[in-house]
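The next block holds one structure in the form of structure tokens; read it before the comments.
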Amino acid sequence: MEIILTVEWMKQVSRLARGEGRLSGLVPTMGALHEGHVSLIRAAQQECSPVTASIFVNPAQFAPGEDFERYPRRFDADAALLESLGVEYLFAPEAAELYPPGFSSYVKVEGLGSRLEGRSRPGHFRGVATVVLKLLEIVQPWRAYFGRKDAQQARIIQQLVRDFHLDAQIEVCPIVREADGLALSSRNAYLSPEDRRAATALHRALGAAQAALGRGERNPANLAAAMREVISAEPRAAADYVEVVRADTFEPATRLSGECYALLAVFFGTTRLLDNMLIVEAGGGFRCEI
Ligand code: PAF
């Protein structure tokens, strides 16, 4: 595996791959890799060659007071893992490489970017959209892979690609979970043992919404109420938001139709975790992807 530190070097490699007509794949990450990232790498390897993974803890997507400084950094272990998986290129620029002195252009996805996560974390999606636009421009992948745990992020990136006529196809891959249902996240490492146990409330809440749906409940507000009940019953959990939204706009769903997300953002101590379930109208009913 070649570790690439500069934009110019990465662009050269990308140009070469494109010139040879190869269908390259990109898996953007902030490191602290886990099985969720591994599933993205494997999905990319099934369809693309070469595969580039990026590791960049993007300062622009952390608001002041968020966890940028303490975000887990395990570069050597991550690089060894990527190498063992057979990833061809690891793009790992320093912050000054992507944001040199005088950098002043940012991308804002309006509407979608200001709801839910955007409301709770002002500036977050501006940072995500900016860095993803950069990565797509530098690596020029045929396909780029993102996890559905960050469903709103994935939707915003699809919008970015559409709005800027970018060539990359955006693939959104299923959530990978621990045996007890907790969605894998680099931030799970922050949880105390007690909060780790309590954090199963996220998955249990989605299960409650799924069960209600199975009993014939079709009112999004009642599905959200079923989730809230589970979160409220967990003393270590403090909900930021618990909502059922339309999957295209992330606006509150007034009725279930097409594709919707049941979404949660919940604090366990100071750790804020996300989870979601996709609800798809199919064959006269609804199926859930947890
Ligand atoms: O999901 C992440 O890890 C990050 O938001 C991303 C997409 C790599 C951009 O920094």
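When a ligand or atom number is given, it counts from 1 through the structure's own listing order. Keep in mind that what you see is a predicted model, and the values were worked out from it rather than measured.
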Note to self: To check your reading of the model: name the closest protein heavy atom to atom 3 (O) of ligand 1, its residue, and the distance in Å.
What the structure shows: Met30 CG, 3.7 Å

Checklist line | Glu259 side chain to Val280 backbone, donor-acceptor under 3.5 Å | finding: no

Next item on the list: Identify whether the distance between the nearest side-chain nitrogen and carboxylate oxygen of Arg197 and Glu234 falls below 4.0 Å.
Entry: no

Item checked: Closest non-hydrogen atom pair, Leu264 against Ala205 -> CD2-CB, 3.8 Å

Next item on the list: Would you mind telling me if ligand 1 is within reach of the side chain of Thr29, the backbone, both or neither, using heavy atoms under 4.0 Å?
Entry: backbone

Next item on the list: For Pro28, take its heavy atoms, then give the atoms of ligand 1 lying under 4.0 Å from any of them.
Entry: 8 (C)

Notebook entry, point to check: For ligand 1, which atoms, with element, lie under 4.0 Å from some heavy atom of Val131?
Noted result: 9 (C), 10 (O)

Note to self: Which label fits Tyr99 and Tyr106: parallel for a plane angle under 30°, tilted from 30 to 60°, or perpendicular past 60°?
What the structure shows: parallel

Margin query: On the six-membered ring of Phe250, is Arg155 placed so that its NZ or CZ lies under 6.0 angstrom from the centre and within 45° of the ring axis?
Written below: no

Check: Does any N/O atom on Asn58 come nearer than 3.5 Å to any N/O atom on ligand 1?
Finding: no

Checklist line | Test applied, side-chain hydrogen bond (donor to acceptor under 3.5 Å, both in side chains); reference residue, Tyr145; option that passes from Arg42, Gln45, Glu171, Glu47 | finding: Glu47

Notebook entry, point to check: What residue and atom, counting heavy atoms only, is the protein's closest point to atom 2 (C) of ligand 1, and at what distance?
Noted result: Gln153 NE2, 3.9 Å

Next item on the list: Identify which of Lys134, Lys149, His124, Gln61 has a heavy atom lying nearest to atom 6 (C) of ligand 1.
Entry: Gln61

